[in-house]
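The structure appears right after this line, and notes come after that.
Below, chain A is the first sequence line, B the second, and so on; all start at residue 1.
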Number of protein chains: 2
Amino acid sequence: MPRLPQENHGLGALFEQWSANERDLDKCPVRRVLSKIGNRWTTLVPIALSQRPLRFNEIVRAIPDISKRMLTQTLRELERDGLVLRQVFPTKPPTVEYQLTELGKSLLEPIAGLVSWAEATRLEIEQARLVFDRVASDGANA
Amino acid sequence: MPRLPQENHGLGALFEQWSANERDLDKCPVRRVLSKIGNRWTTLVPIALSQRPLRFNEIVRAIPDISKRMLTQTLRELERDGLVLRQVFPTKPPTVEYQLTELGKSLLEPIAGLVSWAEATRLEIEQARLVFDRVASDGANA
DNA sequence: CAGAATCCAATAGGATACTG
DNA sequence: CAGTATCCTATTGGATTCTG
């Protein structure tokens, strides 16, 4: 009996379907989401907002290594995509508060999936690296 | 009754814990995984391998816009992390086959979670963008 | 406080040519 | 076929300065 292709989660099929038409590679849903998640901050900011709404500088303090430039840019994109709601209160100086929308909150779920995968496999990956690096250096010294 | 912080999936707490110590921001498990996923190809290659093992040039054909340089680099990293197994058959010319390890296959699950989130929310996000862009251009023309 | 604007550095990644 | 090596470009993102 020939080994059937192991279809995992339908990801491969979905991906193949779009690889077929070279033209619209960037319309592939897989690539779409990955290019989003790819950005260093577009996931970190929603995580920072996961517990409660924060003001601009509170987010900066929550993510110490983000620059104001990047935070502004990231917040605009998240707002544009409907993941984050921006509210301005006409105080002096102005108070601006950012919070996740329901859509934004829903993103936390798949992200949590990724993070728990990372935690669950951390040791196994570290171990694999040790083995790989040892073999590689053995090869070099042989 | 005061509104309690909405703890979603424990992500925020996990994240805060690491933000506290500025020193080891890059040891934060959240960041670790995101920097991996961040790379354009480190997720695409496992997806391409999800159905069956592929040879080097088969992967290139599956991901038409990857360069040989990037593919080699990506495969080495995946191999190092124990996600991909590389097998050389001493034919002429040599045959090299790449396949996902069990660890590698397990990564497909959280990725699929992300992709199905993207598909489920696609229309809502498009809609949000239309609204945002219209308001923005209204503001510019006012 | 909450940005906008400008300039600059680092990194990711592509194109091409070459090799066993 | 399965890479390696070199060079070059583009994108990402940080630092700094300025403003309402």
Q. Would you say A/Asn39 reaches D/dT11's phosphate, i.e. side-chain N/O to OP1/OP2 under 4.0 Å?
A. no
Q) For DNA chain D, what residues of residues 27-36 of chain B have any heavy atom nearer than 4.0 Å? A) none
Q: Please list, in 5' to 3' order, the outermost nucleotides of DNA chain C lying under 4.0 Å from any heavy atom of chain B.
A: C/dG13 to C/dA15
Q: Just jot down the salt bridge (Lys or Arg N to Asp or Glu O under 4.0 Å) partners of B/Glu58, sequence neighbours excluded, or say none.
A: none
Q) What residues, two or more places apart in sequence or in another chain, satisfy side-chain hydrogen bond (donor to acceptor under 3.5 Å, both in side chains) together with B/Gln17? A) none
Q. So which residues get pulled into A/Val131's cluster when ILVMFWY side chains under 4.5 Å apart are joined, directly or through others?
A. A/Val135
**Q.** Near-strand residues of residues 40-48 of chain B, defined as heavy-atom separation under 4.0 angstrom from DNA chain C
**A.** B/Arg40, B/Trp41
Q | Residue pair A/Arg55 / A/Pro94: nearest heavy atoms and the distance that separates them | A | NH2-O, 4.0 Å
Q: Under the salt bridge (Lys or Arg N to Asp or Glu O under 4.0 Å) rule, collect the residues that match up with B/Glu77, sequence neighbours excluded.
A: none
Which protein N or O atoms sit under 3.5 Å from an N or O of nucleotides 2-8 of chain D?
residue: D/dA2; atom: OP1; partner: B/Arg55; partner atom: NE; Å: 2.8
residue: D/dA2; atom: OP1; partner: B/Arg55; partner atom: NH2; Å: 3.2
residue: D/dA2; atom: OP1; partner: B/Val96; partner atom: N; Å: 3.2
residue: D/dA2; atom: OP1; partner: B/Val96; partner atom: O; Å: 3.4
residue: D/dA2; atom: OP2; partner: B/Asn57; partner atom: N; Å: 3.1
residue: D/dG3; atom: OP1; partner: B/Arg76; partner atom: NH2; Å: 3.0
residue: D/dG3; atom: OP1; partner: B/Arg86; partner atom: NH2; Å: 2.7
residue: D/dG3; atom: OP2; partner: B/Tyr98; partner atom: OH; Å: 2.4
residue: D/dG3; atom: N7; partner: B/Lys68; partner atom: NZ; Å: 3.2
residue: D/dG3; atom: O6; partner: B/Lys68; partner atom: NZ; Å: 2.9

**Q.** Residue pair A/Leu114 / B/Pro110: nearest heavy atoms and the distance that separates them
**A.** CD1-CB, 3.4 Å
Q.
Whole angstroms only, please: what is the CD-C1' distance between A/Gln73 and D/dT11?
A. 11 Å
Only pairs under 3.5 Å count here: list side-chain donor-acceptor contacts from residues 79-89 of chain B, not counting sequence neighbours, and write none if there are none.
residue: B/Arg80; atom: NE; partner: A/Asp133; partner atom: OD1; Å: 2.9
residue: B/Arg80; atom: NE; partner: A/Asp133; partner atom: OD2; Å: 3.4
residue: B/Arg80; atom: NH2; partner: A/Asp133; partner atom: OD2; Å: 2.8
residue: B/Asp81; atom: OD1; partner: A/Arg129; partner atom: NE; Å: 2.7
residue: B/Asp81; atom: OD1; partner: A/Arg129; partner atom: NH2; Å: 3.3
residue: B/Asp81; atom: OD2; partner: B/Lys36; partner atom: NZ; Å: 2.7
residue: B/Arg86; atom: NE; partner: B/Tyr98; partner atom: OH; Å: 3.3
residue: B/Gln87; atom: OE1; partner: B/Gln99; partner atom: NE2; Å: 2.9

Q.
Under the rule for side-chain hydrogen bond (donor to acceptor under 3.5 Å, both in side chains), what residues qualify as partners of B/Ser106, not counting sequence neighbours?
A. A/Trp117
**Q.** Residue list, salt bridge (Lys or Arg N to Asp or Glu O under 4.0 Å) with B/Glu119, at least two apart or on another chain
**A.** none
Q.
Angle between the end axes of the helix from C/dC1-D/dG20 to C/dG20-D/dC1, five pairs per end, to the nearest 10 degrees?
A. 40°
